[in-house]
Amino acid sequence: MDLYQEIILEHSKRPLHAGLREPFDAEVHHVNPTCGDEVTLRVHVSGEGQSAVVADVSYDASGCSISTAATSVLAVEVIGHGVKEALASYLAMKSMLTSKGVDPGDEEQIGDGVAFAGVAKYPARVKCALLGWMAFTDALTQAGVDISATSTATPASATSDNDTTRNAITHNAMEDS
Amino acid sequence: MSNVALGAPFTAAESSTIRSDFAILSRTVRDEKPLVYLDSGATSHKPRQVLDAERAFYEERNSAVHRGAHQLAEEATDAFEGARETVARFIGAQPQEVVFTKNATEALNLVAYAFSNAAAAGAMDGVDPALAARFALGVGDEIVITEMEHHSNLVPWQELARRTGATLRWIGITDDGRLNLDDLQTVITARTKVVAFTHVSNVLGTINPVAAIVDRARAVGALTILDACQSVPHLAVDVAGLGVDFIAFSGHKMLGPMGIGVLWGRYELLAAMPPFLTGGSMIEIVTMAGTTYAAPPQRFEAGVPMAAQAVGMAAACDYLTALGMERVTAQEHELTEALLAGLSQRPWVRVIGPVDGRDRSGAVAFVVDGIHPHDVGQILDDAGVAVRVGHHCAWPLHRRMGITATTRASFAAYNTLAEVDVLLTALDRVPVIFGTVV
């Protein structure tokens, strides 16, 4: 199966930038009620407006290989990058994951994230791959960053709920009764 | 105590015949792999006989039951009430004690709301005060559940406690996945008004000692509600023998249609209970000033009922009866023993729940060392094996067992030993792919 790319297994075994660090501007806790996976994620932003930079993302995650690896890739892709660029990565990642396999992902924009292209073929796992990214955009909002441009630019094919950015503790849509 | 009545498992020829009744079992998944469906605890497949019964209802006598005087209305009503009789017979009950609901969750909510609705002014007028008192719930009263409940037999009681001011208490679980009966005397007390518990755990597979709990509940005058979703499809269930006051189960887990469940209750209790959902069908006399209600079971069946699904559920009862419930139990028991034995040979697997077949049904949950259940399920799925992963709507149970989630295989009458082998073989790929076992 093409889901478990070596790069995903590697990130899941040794997640990069893991652990909670200071300083931070916002901390959020997201849960996937389907499986009980959770992530606590902190974001530290430096600068303001167009020049704002994601100075740090630190996290404590408990979850499956897909969610752990995706959060690791997220940290790699956004730390030290402009907020605008980080949000573009989020959109590119989300677009690929919700494209049902149509969008292969752009390595320029999401780096190791392209290894997750296979996840798009398994709708039940898209939530896993997005857990950390949803937490990240939520944390940016909590930190006072305006991500409204991102929300309105949500790809039409997106099946995930934007509600996840609404609260600090948020449940993804896939309910496990 | 042995709740498992052992007949003989199905022969290969019998299994083959049974499987041919389920068209879906011959389909392939994930690149032409034969489907190995081990998720019947979530929902079972439905045999041709059930689908034919539903189709025949729609094609031959479709009409709104208990309304109209035309011939179709009469035939539809006969079919619906005939289905009620069949379902009642299947569980050793009287037809007027069988209420059709949307699902088991609604059945459990129906009972929970009877308690809070009973507090409304006039709700219990005309009811024998001693009986009415059993539904009176308030501060100082206690509701008892267990730590192994499915959310559907947990959240409604939490909510009832919140609405009434009553206190929710629960019976704990032992490390090997059985109810801690040492708790019985201390948890179920004179303050207990309700004891709601599951017959068979949907995660652990544990068959609970109903008699011991009912004896204690009766001794303190509490009403008992049994979640029978995981027992009715797999064991011969006789309500009289169980001694509980209510049972709830669903059609879709017992080879029947989705969208239908059953609440069985002792008639005198149903007759004392205020309605849950109100509207058409459930009334006696309606004026602009007020309404009186029909007798049970109609009192609890507001709106045009799911007649086609009732007919389908009755067909499922007939199908299981023809197979013989003792043989269904024996078949699933054999599969459970085989799976438990196979898992016990894999030191990197830990079964969550009883590790032997004693008083145990065919839901087998397990964890694989160092690998998340979602990943386990994904690898099994790649081999065509459908299992459930997650907390199976029993989050507190998982928390109690110190885990976030499990992988669960669950059986139905149509499963075979060969399928257990496919599962075990596919499972062996898991630690290889994730590099946890060299």
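Keep in mind that this is a model prediction, so the values were computed, not measured. Chain naming here is simple, since letters A, B, ... match the order of the sequence lines and numbering starts at 1 in each.
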- Message: Please determine whether side-chain contact (heavy atoms from CB on, under 4.5 Å) holds for the pair A:C128 and B:H374, giving the CA-CA distance in whole Å, both sets of side-chain angles, and the decisive distance to 0.1 Å.
- Response: CA-CA 9 Å; A:C128 310; B:H374 261 191; 3.5 Å; yes
- Task: Find the distance between OH (A:Y4) and CG (B:D382) and round it off to the nearest 0.5 Å.
- Result: 9.5 Å
- Query: Is the number of heavy atoms from other residues, nucleotides or ligands within 6.0 Å of CD (A:E48) greater than 12?
  - Reply: no
- Message: Can you confirm whether more than 12 heavy atoms, excluding those of B:R350, are under 6.0 Å from its CZ atom?
- Response: no
- N-O pairing of B:D381 and A:R125 below 4.0 Å: no
- With a cut-off of 6.0 Å (strictly less than), are more than 12 heavy atoms of other residues, nucleotides or ligands near NZ of B:K102? no
- Whatever's closer than 4.5 Å to a heavy atom in chain A on B:R30 counts as side chain
- Query: Above 12 or not: heavy atoms from other molecules or residues under 6.0 Å from NZ of B:K33?
  - Reply: yes
Donor-acceptor contacts under 3.5 Å from residues 247-256 of chain B side chains, at least two apart:
unit_1, atom_1, unit_2, atom_2, d
B:H252, ND1, B:T43, OG1, 2.6
B:K253, NZ, B:G41, O, 3.4
B:K253, NZ, B:A42, O, 3.0

- So which heavy atom on B:F434 is nearest to which on A:S65, and how close? CE2-OG, 3.8 Å
- Item | Sole residue of A:T68, A:I66, A:L9 in side-chain contact (heavy atoms from CB on, under 4.5 Å) with B:D375 | A:I66
- Query: Atom OG of A:S62 and atom NE2 of B:H372: how far apart are they, to the nearest 0.5 Å?
  - Reply: 6.5 Å
